[in-house]
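The structure appears right after this line, and notes come after that.
Residue numbers count from 1 along this sequence. The figures that follow rest on heavy atoms only: side chains count, while hydrogens, waters and symmetry mates do not.
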Amino acid sequence: MTTRPELRGTFGAVSSTHWLASAAGMATLDAGGNAFDAAAATGFVLQVVEPHLNGPGGDVPILFFDAPAGRARVICGQGPMPQAATPAAFRALDLPRIPGSGLLPATVPGAFGAWLRLLEEHGTMRLGQILQYAIGYAADGYPVLPKAAEAIGVLTELFRDEWAESGRTYLVDGAAPRPRSRLRNPALAETFRRILKEAEAAGADREQQIRAAHRAFYGGFVAEAIDAHLRTDMLDATGRRHRGLLTGDDMARWEPRTEATASRGYRGLEVHKPGPWSQGPVFLQQLALLEGFDLAAMGLDSADHLHTVIECAKLAYADREAWYGDPDFTDVPLAALLSDGYAADRRRLVGEYASDTLRPGTPMVRPPRIPPLDLADPPVGPYWQGQLYDGLPTVVPPVVAATEARGDTCCLTVTDRHGNMVAATPSGGWLKSSPVVPGLGFPLGTRGQMAWLEEGHPNSLAPGKRPRTTLSPTLVLEEGRARLAFGTPGGDQQDQWTLGFFLAHADFGLDLQRATETLAWSGEDRPGTAVRSSASSCTWPRCAIPACAH
């Protein structure tokens with residue numbers, strides 16, 4: 001039994017974390033656009049209607065399958081660290097780690113440029129047709145989600161006393177908006193309108209207009225406003241005030257890149273993920289380990305099934321911590337990590353008992369390196385503690401209210417009648433982590449928080465380097481054609497929750513709706529991407545569920 005039917009069609013489909021964004025994507029398909037046009041329209045609307053989960057200043061990996069070309073690719077919308085961002089710069093500020101909020105962890109905003117790149121290279125519609133929905137909702141208003149209202153409520157004092165531009169953007173008469181009330185963002189609407197005006201003034205050619213929009217954002221008035229904003233001292237998660245490191249020059253030198261995906265076969269399917277600048281390959285490593293087990297014989301959601309999958313997840317995530325980083329700066333042994341021989345060696349570590357030890361492997365006989373985990377609470381105020389316990393690029397005043405402001409990341413998938421497919425997980429640049437840029441109507445992303453300050457690790461901080469992100473959409477091909485596109489919010493849990501769904505379909509034969517409604521679970525005995533802490537598992541025989549009642 002399922003709560004909803006599996007929907008099927010021949011024209012196209014759009015799914016996202018907000019109904020207005022999905023409607024904009026579907027309207028774009030109805031107007032003659034393809035999956036890439038619809039995905040961009042959906043993505044821009046998400047930046048408006050889910051400001052507690054993402055924004056134009058955030059980041060996004062965009063996986064797509066181009067049916068005419070017959071291949072899957074990924075657009076990296078993860079902007080790099082500023083040129084001034086070095087471990088020495090943070091040591092000079094007497095900071096033991098990169099704070100999770102404010103201006104210091106800001107990276108180059110990648111989401112806006114990534115959607116433009118997808119539209120320019122693979123779309124068919126003009127920028128005005130794509131942006132019209134986002135502009136409309138920003139100017140005329142949208143219903144505030146209850147979770148957004150809760151997050152703004154938790155941050156009201158901060159917005160009133162410190163982040164004044166955020167207060168002007170999100171507070172109504174000095175208070176949080178009521179859930180489902182209409183909220184407008186006229187500054188963001190004007191930002192989009194001005195970008196569009198400058199784009200259309202560049203000429204009649206569609207691609208020319210999109211390139212002009214990129215220049216307006218990364219080399220024009222948007223970059224100028226961000227550059228000025230970052231020169232102001234702002235309160236952050238340290239409990240102190242700091243100015244940022246990002247500059248207009250950092251933005252002007254950046255371009256989104258289309259890259260090869262990381263991929264691996266599984267049960268006759270071809271699974272594609274973003275590269276090791278994300279956590280995407282951890283999904284593939286789990287599949288490589290699980291290929292040696294007969295999961296179907298164990299029974300869906302049985303103790304053996306969950307034990308096996310969670311133990312394999314621990315091994316894959318340990319490798320993520322030791323080996324993943326920006327491949328432009330570090331030699332990530334990805335081919336070895338995904339090889340059959342390496343998976344066979346690691347598979348022998350899955351035993352009858354749950355492991356409570358972090359066990360990264362040694363691909364190519366190279367020793368793994370994970371910096372020491374600092375579990376001590378730093379001697380500073382509640383803003384830092386909110387970041388420490390939440391484990392996300394977020395500032396939350398009282399720790400007791402942290403759960404009210406939690407929530408992270410969006411997701412969208414689109415397919416069209418031509419066989420094109422897109423999966424993306426926009427995130428960052430949300431209202432919880434950084435103050436709104438005056439005049440622009442959106443905050444910056446704080447993904448720099450996820451880099452190590454200790455030098456020599458694959459994810460160590462360096463100028464121009466992409467901090468490793470948790471964002472991880474998935475595309476699946478079968479016999480050279482698009483088969484599945486999926487993703488989820490959830491930080492470190494993304495490649496565990498989606499793995500359960502995928503295995504329910506690929507190993508247990510459930511249709512997509514039934515697979516979606518199966519048990520969702522995840523383990524937490526690994527360092528959190530932002531928290532840098534670990535939790536131990538139960539050691540009861542054949543149990544691999546952390547914090548269980550045993």
Side-chain angles (χ1 to χ4, degrees), residues 61-66 70-76 258-296 308-325 327 331-350 360-364 413 421-423 425 458 468-488 492 494-508 515:
I62 306 173
L63 277 172
F64 65 92
F65 178 74
D66 185 331
R71 66 177 181 175
R73 301 279 280 171
V74 59
I75 295 177
C76 177
T258 301
E259 303 178 354
T261 62
S263 64
R264 199 182 196 284
Y266 184 78
R267 314 293 198 217
L269 302 173
E270 187 179 312
V271 184
H272 291 261
K273 301 291 288 186
W277 48 266
S278 75
Q279 74 172 2
V282 81
F283 190 97
L284 304 176
Q285 282 197 251
Q286 291 175 90
L287 293 181
L289 291 164
L290 292 169
E291 205 163 30
F293 295 97
D294 187 355
L295 296 182
T308 301
V309 176
I310 294 178
E311 290 303 297
C312 288
K314 293 175 186 178
L315 296 172
Y317 274 86
D319 278 344
R320 181 196 73 171
E321 287 304 302
W323 298 107
Y324 291 14
D331 181 16
V332 182
L334 189 58
L337 290 169
L338 297 178
S339 68
D340 292 337
Y342 181 75
D345 289 340
R346 299 282 280 163
R347 195 179 298 125
R348 297 188 186 100
L349 297 176
V350 178
T362 56
M364 302 172 65
T413 58
M421 191 172 274
V422 180
T425 47
R468 193 196 72 210
T469 175
T470 57
L471 307 178
S472 188
T474 310
L475 276 181
V476 179
L477 310 183
E478 185 175 24
E479 297 180 351
R481 300 176 63 185
R483 167 73 180 274
L484 290 173
F486 56 90
T488 183
D492 293 312
Q494 289 180 37
D495 283 313
Q496 296 182 76
W497 292 340
T498 55
L499 180 71
F501 154 80
F502 178 69
L503 295 176
H505 178 66
D507 282 87
F508 295 95

Checking Tyr324 side chain against Gly280 main chain: does a donor-acceptor pair fall under 3.5 Å?
no

Mind checking the CD1-OG1 spacing from Ile75 to Thr258? Nearest 0.5 Å is all I need.
4.5 Å

With a 4.0 Å cut-off, would you call Arg346 and Glu311 a salt bridge?
no

In terms of side-chain geometry, is the basic nitrogen of Glu478 or Arg267 positioned less than 4.0 Å from the acidic oxygen of its partner?
no

Using a distance-only test with no angle check, is there a side-chain donor-acceptor pair under 3.5 angstrom linking His272 and Arg71?
no

What is the distance from atom CG of Leu499 to atom CG of Leu287, rounded to the nearest 0.5 Å?
6.0 Å

Should Leu477 and Leu484 be marked as a side chain to side chain contact (heavy atoms under 4.5 Å, CB included) after you check the CA-CA gap, both sets of side-chain angles, and the distance that decides it?
CA-CA 7 Å; Leu477 310 183; Leu484 290 173; over 6 Å; no

Tell me every residue that passes ring pair (Phe, Tyr, Trp, His ring centres under 6.0 Å) with Phe65, counting only those two or more places apart in sequence or in another chain.
none

Please tell me whether Lys273 and Ser472 have a donor and an acceptor in their side chains that are separated by less than 3.5 angstrom.
yes

Could you report the tightest heavy-atom contact between Ser339 and Arg264, atom names first, then the distance?
C-NH2, 4.2 Å

Do Leu503 and Val309 make a side-chain contact, defined as non-hydrogen atoms from C-beta onward lying under 4.5 Å apart?
yes

Look only at the side chain of Asp319 and the backbone of Gly361, and say whether a donor-acceptor pair between them is shorter than 3.5 Å.
yes

Specify the closest pair of heavy atoms between Val282 and Arg320, including all atoms of both residues, with the distance to one decimal.
CG2-CB, 4.4 Å

Nearest heavy-atom pair of Leu471 and Pro274: which atoms, and what distance?
O-CG, 4.4 Å

Could you grab the distance from atom CD of Glu479 to atom CG of Leu269, nearest 0.5 Å is fine?
9.5 Å

What's the spacing between Thr362 OG1 and Asp345 CG if we round to 0.5 Å?
8.0 Å

Could you go through Cys312 and Val350, starting from their C-alpha distance and side-chain angles, then the distance that decides it, and tell me whether this counts as side chain to side chain contact (heavy atoms under 4.5 Å, CB included)?
CA-CA 7 Å; Cys312 288; Val350 178; 4.0 Å; yes

Apply side chain to side chain contact (heavy atoms under 4.5 Å, CB included) to Met421 and Phe64, showing your working.
CA-CA 6 Å; Met421 191 172 274; Phe64 65 92; over 6 Å; no

Decide yes or no on salt bridge (Lys or Arg N to Asp or Glu O under 4.0 Å) for Arg481 and Glu270, but give the supporting numbers first.
CA-CA 10 Å; Arg481 300 176 63 185; Glu270 187 179 312; over 6 Å; no

Do you know the tightest heavy-atom contact between Ala72 and Leu475?
CB-CD1, 4.4 Å

Interatomic distance, Asp495 atom CG to Phe502 atom CZ [nearest 0.5 angstrom]
12.0 Å

Between Arg468 and Pro276, what is the shortest heavy-atom contact and its length?
CG-O, 3.9 Å

Evaluate Thr469 against Gln279 for side chain to side chain contact (heavy atoms under 4.5 Å, CB included), listing each step before the verdict.
CA-CA 6 Å; Thr469 175; Gln279 74 172 2; over 6 Å; no

Donor-acceptor pair, distance only, cut-off 3.5 Å: does the side chain of Arg347 make one with the backbone of Phe293?
no

How about Leu334 and Pro281: do any of their side-chain heavy atoms sit closer than 4.5 Å?
yes

Donor-acceptor contact present, side-chain Tyr317 to main-chain Asp492, <3.5 Å:
yes

To the nearest 0.5 Å, atom OG1 of Thr308 lies from atom CG of Leu289 at 11.0 Å

Is there a side-chain contact between Cys76 and Trp277, using heavy atoms and a 4.5 Å cut-off?
yes

Side chain proximity check, Ile62 to Val74, heavy atoms < 4.5 angstrom
no

Evaluate the ring planes of Phe283 and Phe486, with Trp represented by its six-membered ring, and classify them as parallel (under 30°), tilted (30 to 60°) or perpendicular (over 60°).
tilted

Could you tell me which non-hydrogen atom of Ala313 sits nearest to which non-hydrogen atom of Gln286, and how far apart they are?
CB-OE1, 3.3 Å

Partners of Phe508 by ring pair (Phe, Tyr, Trp, His ring centres under 6.0 Å), sequence neighbours excluded?
His305

